[in-house]
> 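So that we are looking at the same thing, I have put the structure below in structure tokens.
Throughout, protein chains are lettered first and strands after them, A, B, ... in sequence-line order, and every chain is numbered starting at 1.
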Number of protein chains: 2
Amino acid sequence: MTVKAPSESVTQRVERQLRSDILTLALPPGSRLSEQDIGSRYGSSRQPGREALIALSKSRLVEILPQRGAVIAKISVAKLMQAAFVREAIETAVIRSACSSFHFHARTRLEDCLKAQERAVESGDRAEFRRYDDLFHRTLADGAGLMMAWTVVEDLKAHIDRACCLSLGKGDALRKLLAEHKAIVAALDARDSHAAEAAMKSHLSELLQDLPTLEAAHPDIFE
Amino acid sequence: MTVKAPSESVTQRVERQLRSDILTLALPPGSRLSEQDIGSRYGSSRQPGREALIALSKSRLVEILPQRGAVIAKISVAKLMQAAFVREAIETAVIRSACSSFHFHARTRLEDCLKAQERAVESGDRAEFRRYDDLFHRTLADGAGLMMAWTVVEDLKAHIDRACCLSLGKGDALRKLLAEHKAIVAALDARDSHAAEAAMKSHLSELLQDLPTLEAAHPDIFE
DNA sequence: TCGTATGAAATTGTATGGAAGTGACGACAT
DNA sequence: ATGTCGTCACTTCCATACAATTTCATACGA
């Protein structure tokens, strides 16, 4: 007997594709979009397009102008800094909490993430690396019994990720991120909450280093 | 010449009313709702009802069962604890940041909040007190230049507030909360980030004190 | 030349019709 | 007694029709 695959609804698919196109900058910030545009772009009627726009406007990726249309949000340095601030506040708290109690099974999944990232570094596959970066942070929250923290961070992360898409990413950037992950896990294993928090903090701030450079290089898509 | 009042759309009104009815427990957790129900309850067609349900499902106040309907989320102790954890992580970080830099004008608005809450305590108006409690915390974030932090907290707070509606609230509870607000402001004025963080922490944990009692008293609406 | 009306086009906001999914219930066979 | 199947009511999900609003261009008049 086959388990029923809970197939994705049209709205979910459109939302996922639109989000992806926004995050990868396939749809450049500042673009104007109508519900109709979205619908025909992804092969649906207005309704799924409308619901996707509403959903993404909740995480501030698009701005809905009442009665007029929607615009892909420009990358705002202020929003970026605030998102990073809140993310850091949450993730440092999570890692601290993880140091006092962490699910055994999650620990082995962390190991899997590290291994997968190791492979991604070798093959230079940035997308793969990023997938497991997400999973790494999610697993930390899960192991600490704080999945809600991850759902909040996930939303904030979207803004940060969009900026990361611009970053050229020198060859050894991934290697550095991986080393930071390993430092976090090491501190977690040692139940050293101060070290873990510090490692997490420096890991997260990593991403904002070359923000000024990026803004100078792409003035049109910044606010 | 009068400024045009940007009148509320039907969807917004329905969403606001539904949210309010959920938070005040006028709609008890566990109730099943259809788009049609919402529409006729608040005098609209199914569409605004649908969009309101979708919106509230994002903040996990209702759970949408695909092809079947929606239910008002039950109060979950686990979700409540996680929401409180994340809120504390964010708000303590905000108050710490506020201690290093805080907008002058926001400081006077804090004073207004305290005064208004003083009056609310005198008249015993809990709703009024709560309104200014929100404004107090929002103003802290605003003054620190971290409004995004407040938008995140606001969503988490919904779950906490719903539980607070159950709490009988002894007469001097408000007085205690007000005193805590004053302690936070005092520490902020002194730029004493450790004291401010501690004051905020104890203020937020205040709300969860009698959670076990509540759960025992209302087993039906807990998960 | 400039400001103002007017009207068409585009867009969202709202309502409604219809297809398809889900679970409940009972008839019926085993 | 139990399990399988068909029917039925209910609901969402998606498409589409209609109404309301905004914008833009254009024409007109001072």
> When you compare the side chains of Arg16(B) and Gln12(B), does any donor N or O come within less than 3.5 Å of an acceptor on the partner?
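Checked: Arg16(B)/Gln12(B) side chains show no N/O donor-acceptor pair below 3.5 Å.
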> Nearest-Å distance, CD (Glu8(A)) to C1' (dC14(D))?
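Computing the Glu8(A):CD to dC14(D):C1' distance gives 15 Å.
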> Residues from residues 36-58 of chain B sitting under 4.0 Å of DNA chain D, heavy atoms only?
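Correct list: Arg46(B), Arg50(B).
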> Nearest whole Å is fine: how far is dC13(D) C1' from Arg13(A) CZ?
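Taking atom C1' of dC13(D) as the reference, CZ of Arg13(A) is at 13 Å.
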> Respond yes when some side-chain nitrogen or oxygen of Thr11(B) is under 4.0 Å from OP1 or OP2 of dT14(C), and no when none is.
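Checking Thr11(B) against dT14(C): at least one side-chain N or O falls below 4.0 Å of OP1 or OP2.
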> I need the CD-P distance between Glu63(B) and dT12(D), as an integer number of Å.
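In whole Å, dT12(D) P and Glu63(B) CD are 14 Å from each other.
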> Whole angstroms only, please: what is the CD-P distance between Gln67(B) and dG21(C)?
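Those two atoms, CD and P, are 7 Å apart.
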> Just wondering, do Leu146(A) and Ile90(A) contact through their side chains at under 4.5 Å, heavy atoms?
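No; the side chains remain at least 4.5 Å from each other.
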> Using whole Å, what does the distance between atom P of nucleotide dA10(C) and atom CZ of Arg32(A) come to?
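From Arg32(A) CZ to dA10(C) P: 12 Å.
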> Taking the nucleotide of DNA chain D with the closest heavy atom to each, which residue, Arg68(A) or Ser9(A), is nearer the 5' end?
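Checking each residue's closest nucleotide, the 5'-ward one belongs to Ser9(A).
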> If you define the side chain from C-beta out and look only at heavy atoms, does anything of Asp155(A) sit under 4.5 Å from Val152(B)?
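SC-SC contact between Asp155(A) and Val152(B) ruled out.
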> How long is the line joining CD of Glu15(A) and P of dC14(D), in whole Å?
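The distance from CD of Glu15(A) to P of dC14(D) comes to 12 Å, rounded to the nearest Å.
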> Mind calculating the distance between CG (Leu65(A)) and P (dT23(D)) to the nearest angstrom?
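Answer to the nearest Å: 9 Å.
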> Under a 4.0 Å N-O cut-off, is there an ion pair linking Asp37(A) with Arg41(A)?
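The answer is no: the pair does not qualify as a salt bridge.
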> With a cut-off of 3.5 Å and sequence neighbours excluded, list every side-chain donor-acceptor pair involving residues 62-76 of chain B.
residue	atom	partner	partner atom	Å
Lys74(B)	NZ	Asp220(B)	O	2.8
Ser76(B)	OG	Ala78(B)	N	3.3
Ser76(B)	OG	Lys79(B)	N	2.9

> Return the set of residues passing side-chain contact (heavy atoms from CB on, under 4.5 Å) with Ala26(A) (not counting sequence neighbours), or none when no residue passes.
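For Ala26(A), the residues satisfying side-chain contact (heavy atoms from CB on, under 4.5 Å) (neighbours in sequence not counted) are Asp21(A), Thr24(A).
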